[in-house]
Amino acid sequence: LRLGEPPFMRTMYLAYWLVIAGGLAASIVIGLTGQ
Amino acid sequence: VRRFLRENSLTVFFLVIFLLTLTAQSQASWRAYVDDQHAHNQPADPYSSYLVSADFSAKVMENWQSEFLQFSLYILATIWLIQKGSSESKQEHEAGLQTDEEQRVGRHASSESPRWAQIGSWRTTVYSNSLLIAMTTIFLLSWLAQSINGWDQYNADQHEHGQAEVSWTTYLHEPDFWDATLQNWQSEFLAVGTMAIFSVYLRQRGSPESKPVGAPHAETGAN
């Protein structure tokens, strides 16, 4: 954490990345394995 | 926990309603699919299988791509384009990428600035565009995912009707793909343009998306 950055400020940022990356990866795998 | 919620309430709220509506969408979508299968006297997959089907996946990605395109374009267009009087716009003299001093990069950065803003070289260039890079990458990947899942479904349909399957590149030229794509784009573009011009004349007290209620119509920018 950087100086002055409140704890957990990065938690939501990482949560959003996780949801988006998970969704994209799952969807691409579903599409490709369906063929 | 209370402090965490207080400091992150906006993103927590949207993440929660995203997960709730995605779940509700999957339920409604599955029921519609089951009804359709029954109407054709076909067996229907259970909910758990439908969740990982190309049908559901394509529907989700179709909407994702248009939302991320909307924000990517908005971030990009508002660098140079202006709407006088809009809370969403910069003022005329601020148009463009602005100076290093205004943007507090390189030797104009402070010790509190992000490290990649201070450092110079390619890292500062990348960091200077990181929001647009991230949103555009998500747009392109979700559009790719939409196309792969749409292709999957299209071929399943072709197969069912005794017609030849098509390649992915052929599918990209099919009206089916562009119908699913453009029906989402048009609505995003209308909503964005509406927001830019409505914020000139209309107000929402307390919202950072609006000018202060008493601000003159010609006053540009939220601050």
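Every chain is numbered from 1 and lettered A, B, ... according to where its sequence line falls, protein lines coming before strand lines.
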Exercise for review: State, yes or no, whether a side-chain contact exists between B:Phe18 and A:Tyr16 at a heavy-atom distance under 4.5 Å.
Suggested key: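 No - every pair of side-chain heavy atoms lies 4.5 Å or more apart.
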**Study point:** Student check: side-chain heavy atoms of B:Asn8 and A:Thr11 closer than 4.5 Å
**Key:**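 No; the side chains remain at least 4.5 Å from each other.
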Exercise for review: With a 4.5 Å heavy-atom cut-off (strictly below), which parts of residues 46-56 of chain B touch chain A? List them by number.
Suggested key: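 From residues 46-56 of chain B, the residues near chain A are B:Leu51, B:Val52, B:Ser53, B:Ala54.
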If you look at every heavy atom in [X] and [Y], which pair is closest and at what distance?
X        : Y        : result
B:Ile148 : A:Leu32  : CG2-N, 3.7 Å
A:Gly23  : B:Met61  : O-CE, 3.7 Å
A:Gly31  : B:Asp152 : O-OD2, 3.6 Å
A:Ile30  : B:Ser57  : CG2-CB, 4.2 Å

Practice item. Counting only heavy atoms closer than 4.5 Å, note whether B:Val60 contacts chain A via side chain, backbone, both or neither. Key: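 For B:Val60, no heavy atom lies under 4.5 Å from chain A.
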Review point. Heavy-atom distance under 4.5 Å to chain A: side chain of B:Trp64, backbone, both or neither?
Key: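 Just the side chain, heavy atoms under 4.5 Å.
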Practice item. Could you look at A:Val29 and say if it's the side chain, the backbone, both or neither that has a heavy atom under 4.5 Å from chain B? Key: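 For A:Val29, no heavy atom lies under 4.5 Å from chain B.
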Practice item. Working to the nearest 0.5 Å, report the span between CG of B:Leu141 and CD1 of A:Ile28. Key: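 Here the interatomic distance stands at 5.5 Å.
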Review point. Can you tell me how far OG1 of B:Thr137 sits from CD1 of A:Ile20, rounded to the nearest 0.5 angstrom?
Key: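 Reported to 0.5 Å precision, the distance equals 11.0 Å.
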